[in-house]
Amino acid sequence: MDTFRSSPPPPATPVLSPEALHACFLGPYGENDTLLEKLVVEFLRDHVYWRRNFHPEDPPAIPTAAAQHPAYQALEANMRRELHSLSAALKRSVPFHSPRYIGHMASDLLLPGLAAQLLTLPYNPNNVCEDAAPVTVELEVKVGLQLARMLGYPADPDVPGCAFGHLTSGGTVANYQALRLALALKAFPVALRAAGVGVAIEDVRGLADDWQAFNVGVAPGIALVEGWQRWLATLSPEEAQRWRSRVQAERIETLGLTGFFSRHPTLRVPRVYAPVTAHYSWSKGLKLLGLGRAQLSLLPERDMRLDADALDEALDECRRTRQPVLMAVGVLGTTEHGMIDPIDRIVAARDRSQAQGLGFSVHVDAAWGGYLATMFRNPDGSLRSRAEVAQGLQSFPSECVHAAFAAVGRTDSVTVDPHKLGYLPYGAGAFVCRDNRAMTLLSEEADYVFNGLEAEDYMTRFRQLGQYIPEGSKAGASAAAVYVMHQVLPLDHARFGQLPRQTVAAAEAFRRGAERVASELSDVARVCVPFEPDSNLVCLALNLAGNRDIGRANRFVRTLHDDLRCDPSRPLQVKEFFGSMTTLRPASLGQERLARILAALDLDPETMGAGDDHVVILRHTLMNPYLIDAHNGISYIDRYFDYLASRIRTLARAS
Ligand SMILES: *Cc1c(COP(=O)(O)O)cnc(C)c1O
């Protein structure tokens with residue numbers, strides 16, 4: 001039953017025009033203040049009427065004269081005082097909304113999402129289950145389908161292998177969910193074997209040993225889950241229960257890691273492969289899961305992207321030494337550098353490895369870059385060619401980038417953060433898996449919350465959301481925000497895709513600006529873009545003319561960054577711009593690339609010492625929609641470079 005009345009977006013909705021985009025954000029100047037105010041007041045009143053009309057015969061519980069009592073007034077005064085001081089303190093917040101903010105992955109908020117969230121808050125739905133959120137839990141499941149479609153996963157819930165996705169507090173928990181699901185799937189065939197299910201199911205009988213069962217891979221693993229459930233359905237309820245308990249007793253979720261691996265002494269604890277620049281949530285996830293940080297193997301990068309040859313070699317080595325692999329992680333938009341890993345090569349490595357008996361999951365950490373996928377989707381859901389995506393842009397997408405996005409549909413799961421490039425309030429992350437049938441392995445079956453029935457229908461089943469997610473109680477208002485935003489701006493190139501497109505165009509303008517400033521400053525400094533950006537993050541490497549020492553260059557960049565970073569002790573307005581900082585390391589660039597960058601900066605590789613085994617660079621996230629203000633003829637990118645040039649000249653004189 002579809003409890004939420006909403007029509008699919010009209011298919012003929014034209015390309016989102018710049019004029020329509022003007023209605024999307026509150027705006028750097030608060031330009032859309034009346035629009036937001038109108039929406040907030042309208043829907044707040046609507047909420048109040050809903051309360052009143054629930055049982056209008058109940059008289060008001062708070063006396064109508066209550067506000068005249070001194071104690072009431074004292075409390076109100078107290079509340080006001082605290083709110084005023086909160087509001088005053090919040091003026092020290094980071095001005096994410098401003099086009100002068102090009103630091104971290106944050107920007108203005110999309111009005112449809114913000115309004116939906118504010119509208120929903122006073123209803124306070126709890127998306128742990130349908131009983132506590134009759135409306136918004138369904139919206140969350142639909143958000144999963146919307147994201148699945150954007151990523152190229154099957155998104156029709158009437159089809160058995162449809163994807164499933166849900167929201168999390170952020171990318172960190174979504175990545176953790178990916179690990180949890182991958183481990184459950186990996187260990188389940190071993191449990192089936194150990195419980196003796198082979199006597200009844202041929203596919204289980206076909207698993208020669210623990211090694212084979214542990215490494216069948218995702219699709220065969222899901223087929224085993226399916227076969228097991230089909231077989232259970234043929235048994236009497238008592239018999240089915242007996243078998244279920246037997247398998248349950250052998251599962252890694254029951255035994256724990258210690259119990260499971262001591263029962264299967266030929267198996268080693270599996271490993272996770274991720275690129276060296278992987279987000280630290282991966283380290284957290286492995287610790288949390290109890291696999292341990294030592295099981296996270298960091299692969300080198302080549303030209304700032306995961307080195308797929310190194311992955312191939314590592315997998316060969318694993319096969320030789322009988323080292324199981326849980327997952328290979330590719331990053332779609334690295335946090336530090338915005339680079340896109342070769343997802344196509346990772347998927348190919350998985351297929352090859354699985355055919356040779358070493359299966360594992362492929363997860364895409366697209367916490368940052370997930371919404372870039374909208375640029376690659378037609379309104380009918382089909383993939384756009386590289387030439388189509390590239391129209392009107394200078395160099396995006398490179399062939400590698402297009403191939404990576406085209407391959408996402410063949411991975412096993414994805415993390416996307418609506419609170420990053422989706423321009424929505426925190427905390428809205430999302431986990432999406434390609435085939436919902438794997439999710440049954442995570443089901444908690446806590447009967448006091450849930451009805452305990454394994455429902456057949458996709459929507460009915462996943463409305464019992466709390467069964468499957470790492471969290472318990474969670475904000476339905478967040479789900480409402482993401483859903484409404486996706487409805488207003490569908491996730492294809494013509495609608496939502498216009499936003500990331502604009503960010504990529506801004507990054508290309510930034511790239512050109514960097515060249516201009518490099519030649520203008522050639523008498524005092526060396527400035528270069530150290531590696532070609534894959535998307536909308538652009539870094540700058542800098543050095544003072546005449547300096548050859550890496551340590552000194554790093555101090556110079558840190559001094560520049562001191563003026564660009566948030567400083568709560570000083571008034572916000574004294575800041576001209578906000579930027580961030582990161583490092584370049586040989587492990588991400590490769591020695592050869594690093595040598596070329598050092599040469600471009602006129603730095604002596606010999607000065608790469610113990611304390612300075614890296615090069616400090618400036619990092620710019622170009623996601624603000626108003627970086628290029630055509631209406632006023634202002635480019636904040638040009639202004640930033642003018643500012644940077646004058647800072648560099650001042651520092652050069654002082655040095
Ligand atoms: C931001 C980010 C994360 C973590 O997401 P949170 O929402 O901060 O928890 C994970 N991976 C990547 C690539 C990210 O950019």
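All values derive from a computational prediction rather than experimental measurement. Atoms within a ligand are numbered from 1 in the order they appear, just like the ligands themselves.
Backbone and side-chain nitrogen or oxygen atoms of D417 are examined, and one is located within less than 3.5 angstrom of a nitrogen or oxygen of ligand 1. On a distance-only criterion, T334 and ligand 1 share no N/O pair closer than 3.5 Å.
When atom types are taken as modelled, the side chain of Q498 and the backbone of H493 share a donor-acceptor pair closer than 3.5 angstrom.
Looking at V173 against ligand 1, nothing comes within 4.0 Å, counting heavy atoms. When heavy-atom distances to ligand 1 are checked against a 4.0 Å cut-off, T172 comes that close through both its backbone and its side chain.
Classification of the F376-F396 ring pair by plane angle, with boundaries at 30° and 60°, yields perpendicular.
Protein heavy atom nearest atom 6 (P) of ligand 1, with residue, atom name and distance: G171 N, 3.3 Å. Among all protein heavy atoms, the one lying closest to atom 4 (C) of ligand 1 is H279 CE1, 3.2 Å. With respect to atom 11 (N) of ligand 1, the closest heavy atom belonging to the protein is D365 OD2, 2.7 Å. Annotation: atom 15 (O) of ligand 1 to nearest protein heavy atom, K420 NZ, 2.7 Å.
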Validation: residues 286-299 side-chain donor-acceptor distances under 3.5 Å, sequence neighbours left out:
from	atom 1	to	atom 2	distance (Å)
R293	NE	S283	OG	3.3
Q295	NE2	L291	O	2.8

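Centroid-to-centroid, the aromatic rings of Y636 and Y626 stay 6.0 Å apart or farther.
Heavy-atom separations between G429 and ligand 1 are all 4.0 Å or longer.
Numbered from 1 in the order shown, with element, the atoms of ligand 1 that lie under 4.0 Å from a heavy atom of N175 read 10 (C), 11 (N). Below 4.0 Å from some heavy atom of G170 lie the following atoms of ligand 1, by number and element: 7 (O), 9 (O). Less than 4.0 angstrom separates some heavy atom of S281 from each of these atoms of ligand 1: 10 (C).
Of the charged side-chain nitrogens involved, none lies within less than 4.0 Å of a carboxylate oxygen, so that R410 and D344 do not count as a salt-bridged pair.
The only option from T334, T415, N175, T335 that meets the side-chain hydrogen bond (donor to acceptor under 3.5 Å, both in side chains) definition with D365 turns out to be N175.
Scanning for ring pair (Phe, Tyr, Trp, His ring centres under 6.0 Å) contacts around F531 gives H337, with sequence neighbours left out.
The shortest side-chain heavy-atom distance between F360 and S353 falls under the 4.5 Å cut-off.
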